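The structure under discussion appears below in the form of structure tokens.
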2 protein chains.
Amino acid sequence: MDVRTICLGILTRGDATGYEIKKLFEEGGYEHFVEASFGSIYPALSRLTDEGFVSVRSEAQEKRPDRKVYSITPVGRSAFVATLLKPLPEDRHRSPFVFAMLFADLLPQAHVSAMVDHYIGQVEEKLAHLNSHSDASKSDGERFVMDYGRTVYEATLNFLRTHRAEIENQPAQAAE
Amino acid sequence: MDVRTICLGILTRGDATGYEIKKLFEEGGYEHFVEASFGSIYPALSRLTDEGFVSVRSEAQEKRPDRKVYSITPVGRSAFVATLLKPLPEDRHRSPFVFAMLFADLLPQAHVSAMVDHYIGQVEEKLAHLNSHSDASKSDGERFVMDYGRTVYEATLNFLRTHRAEIENQPAQAAE
DNA sequence: GCCTATCTATATTGGACCGATATAGATCGA
DNA sequence: TCGATCTATATCGGTCCAATATAGATAGGC
């Protein structure tokens with residue numbers, strides 16, 4: 001999903017700055033399915049403004065730099081819905097950890113165990129972060145995607161804990 | 001994980017052409033954690049050759065275009081292992097479908113159901129593809145990552161089948 | 001008082017990546 | 001004969017992002 005569509009979607013839920021959009025990705029429990037960097041968010045917001053899909057107003061702040069608050073326009077809202085009604089791009093999953101496990105036999109066993117421990121820790125942290133969000137104020141869609149994320153993280157943890165021995169106790173540099 | 005590292009890894013398992021590396025991603029059951037396009041594979045192989053991490057030989061074929069076969073060098077193999085021993089980049093997951101489900105309330109219910117059906121079909125296809133790979137000739141690492149993929153796909157399917165009603169029967173354009 | 005770490009806030013850049021395209025060689029079914 | 005599809009290499013323009021830049025803070029340690 002391109003970053004302009006992502007920003008439009010976020011803005012259907014309420015006005016936001018570029019910085020707030022980024023924070024939503026980092027802290028909002030969305031990291032299992034969406035992310036964007038400042039390097040793409042600010043240019044995307046600029047283009048959306050140029051295209052008339054969003055409008056922008058500056059707000060001065062005391063003791064803080066000014067902030068630019070973006071609002072979706074009616075045209076932008078229609079464009080967003082139209083995009084969702086088209087066939088969606090494929091999911092993309094990239095896991096350096098899983099890729100590295102393909103080659104566990106090339107690594108010292110102690111290091112493989114440490115990598116598995118570290119990855120389990122990362123997933124536990126993400127799950128805890130998801131669980132820290134109360135469901136009280138969530139829409140059905142938000143609850144659905146949070147529960148989906150929990151399901152995948154829990155399945156991942158169960159799998160790693162159950163199956164880690166299968167790649168940890170391999171002879172180093174097995175003949176291949 | 002950058003594409004050069006990915007190509008190096010594949011080549012530790014045996015010589016391959018750029019085209020074969022791409023086919024491995026598409027058909028090898030790796031799509032839940034790694035992928036690269038021709039647009040990045042060929043330049044990566046060129047750079048690896050320039051850097052001395054791989055060597056290349058051309059093979060003429062009857063009735064087919066010539067093919068370039070790449071082999072990892074001892075220096076390349078060491079570099080690959082050294083890369084795996086460093087801290088790995090974070091996983092990245094991008095799911096336009098899950099992102100769209102955040103906004104299910106903006107869409108006609110029939111369309112939401114169709115999107116869920118289509119996504120379930122895609123995941124079922126990926127799972128069937130994974131299951132089509134016999135475990136007989138797999139290394140422990142390969143078995144591990146295939147089993148991991150199955151676990152995640154199965155958890156996904158179970159979740160979608162169980163919870164789809166939570167976003168399908170919403171009033172259209174709920175007040176927000 | 002200074003320095004480092006961290007937060008808030010916007011913006012840009014160079015390099016990596018990729019979908020599309022190009023070129024060139026086939027087979028197969030209608 | 002033609003269109004679809006496969007094999008095979010390669011490039012390009014657009015998108016994305018980590019890093020960097022600039023500018024405004026607070027807080028804690030020395």
Side-chain angles (χ1 to χ4, degrees), chain A residues 1-8 15-27 31 33-51 54 56-70 83 86-96 99, chain B residues 1-8 15-27 31 33-51 54 56-70 83 86-96 99:
Chain A
M1 197 72 105
D2 65 305
V3 174
R4 289 206 328 283
T5 301
I6 292 169
C7 290
L8 270 188
D15 297 355
T17 66
Y19 185 83
E20 284 168 345
I21 291 173
K22 172 72 164 155
K23 281 302 178 187
L24 203 80
F25 296 146
E26 287 175 0
E27 299 170 4
E31 62 203 341
F33 64 95
V34 79
E35 174 87 51
S37 73
F38 289 127
S40 50
I41 289 174
Y42 286 115
L45 290 171
S46 289
R47 283 212 35 202
L48 288 168
T49 307
D50 292 343
E51 290 163 343
V54 305
V56 61
R57 67 182 188 275
S58 273
E59 288 185 355
Q61 296 192 106
E62 283 200 41
K63 302 182 177 223
R64 297 282 200 214
D66 291 356
R67 58 205 290 266
K68 279 179 163 175
V69 183
Y70 294 85
T83 299
K86 290 177 189 145
L88 299 175
E90 289 272 315
D91 285 10
R92 293 177 181 224
H93 299 289
R94 304 286 185 269
S95 180
F99 181 74
Chain B
M1 197 71 106
D2 65 305
V3 174
R4 286 199 338 279
T5 301
I6 291 168
C7 289
L8 270 188
D15 297 355
T17 66
Y19 185 83
E20 284 169 343
I21 291 174
K22 172 70 163 156
K23 281 302 177 185
L24 202 79
F25 295 146
E26 287 174 0
E27 299 170 4
E31 63 204 341
F33 64 95
V34 79
E35 174 88 50
S37 74
F38 288 127
S40 49
I41 289 173
Y42 287 115
L45 290 171
S46 289
R47 279 201 51 190
L48 288 168
T49 308
D50 292 343
E51 291 164 342
V54 305
V56 61
R57 67 181 188 277
S58 273
E59 287 185 355
Q61 296 191 107
E62 283 200 41
K63 302 182 177 225
R64 296 278 201 222
D66 290 359
R67 58 204 292 264
K68 280 180 163 175
V69 184
Y70 294 85
T83 299
K86 289 176 189 147
L88 299 175
E90 288 273 311
D91 285 10
R92 293 178 181 223
H93 297 291
R94 303 285 186 269
S95 179
F99 181 73

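Bear in mind the structure is a predicted one, so any value in this text is a computation, not a measurement. Side chains included, hydrogens not; waters and symmetry mates left out as well; all remaining heavy atoms used. To find a chain, count down the sequence lines: A is the first, B the second, and so on, and within it residues start at 1.
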Between B/Glu20 and B/Lys23, is the closest basic N to carboxylate O distance under 4.0 Å?
-> no
Is the closest basic N to carboxylate O distance between A/Glu31 and B/Arg94 below 4.0 Å?
-> no
At under 4.0 Å, does any side-chain N or O of [X] touch on OP1 or OP2 of [N]?
| X | N | result |
| --- | --- | --- |
| B/Tyr19 | D/dT9 | no |
| A/Arg94 | C/dC18 | yes |
| B/Lys23 | D/dT7 | yes |
| B/Gln61 | D/dT7 | no |

Could you tell me whether B/Arg67 contacts a base, only the sugar-phosphate backbone, or nothing, with contacts defined as non-hydrogen atoms closer than 4.0 Å?
-> sugar-phosphate
[X] has an atom [atom1]; how far is it from atom [atom2] of [N], in whole Å?
| X | N | atom1 | atom2 | result |
| --- | --- | --- | --- | --- |
| A/Phe38 | D/dT22 | CZ | P | 18 Å |
| B/Lys22 | D/dC6 | NZ | P | 13 Å |
| B/Glu90 | D/dA18 | CD | P | 10 Å |
| B/Arg4 | C/dG15 | CZ | C1' | 11 Å |
| B/His93 | D/dC16 | NE2 | C1' | 18 Å |
| B/Arg92 | D/dT15 | CZ | C1' | 13 Å |
| A/Arg64 | C/dT6 | CZ | C1' | 11 Å |
| B/Met1 | D/dC17 | CE | C1' | 18 Å |

Which residues satisfy the ring pair (Phe, Tyr, Trp, His ring centres under 6.0 Å) test with A/Tyr42, sequence neighbours excluded?
-> A/Phe38
Note: for B/Pro65 and A/Ser37 on DNA chain D, the residue whose nearest nucleotide lies more 5' is B/Pro65
Toward the 5' end of DNA chain D, by each residue's nearest nucleotide, B/Glu20 or A/Asp2 | B/Glu20
What's the verdict on salt bridge (charged side-chain N to carboxylate O under 4.0 Å, His left out) for A/Glu90 and A/Arg92, showing C-alpha distance, side-chain angles and the deciding distance?
-> CA-CA 6 Å; A/Glu90 289 272 315; A/Arg92 293 177 181 224; over 6 Å; no
Under a 4.0 Å heavy-atom cutoff, the residues of residues 39-49 of chain B touching DNA chain C are B/Gly39, B/Ser40, B/Arg47
Taking every non-hydrogen atom, the tightest pair across B/Val34 and A/Phe99 | CG2-CD1, 4.1 Å
Taking C-beta and beyond as the side chain, do B/Tyr70 and B/Ile21 meet within less than 4.5 Å on heavy atoms?
-> no
Any side-chain heavy-atom pair from A/Asp91 and B/Pro96 closer than 4.5 angstrom?
-> yes
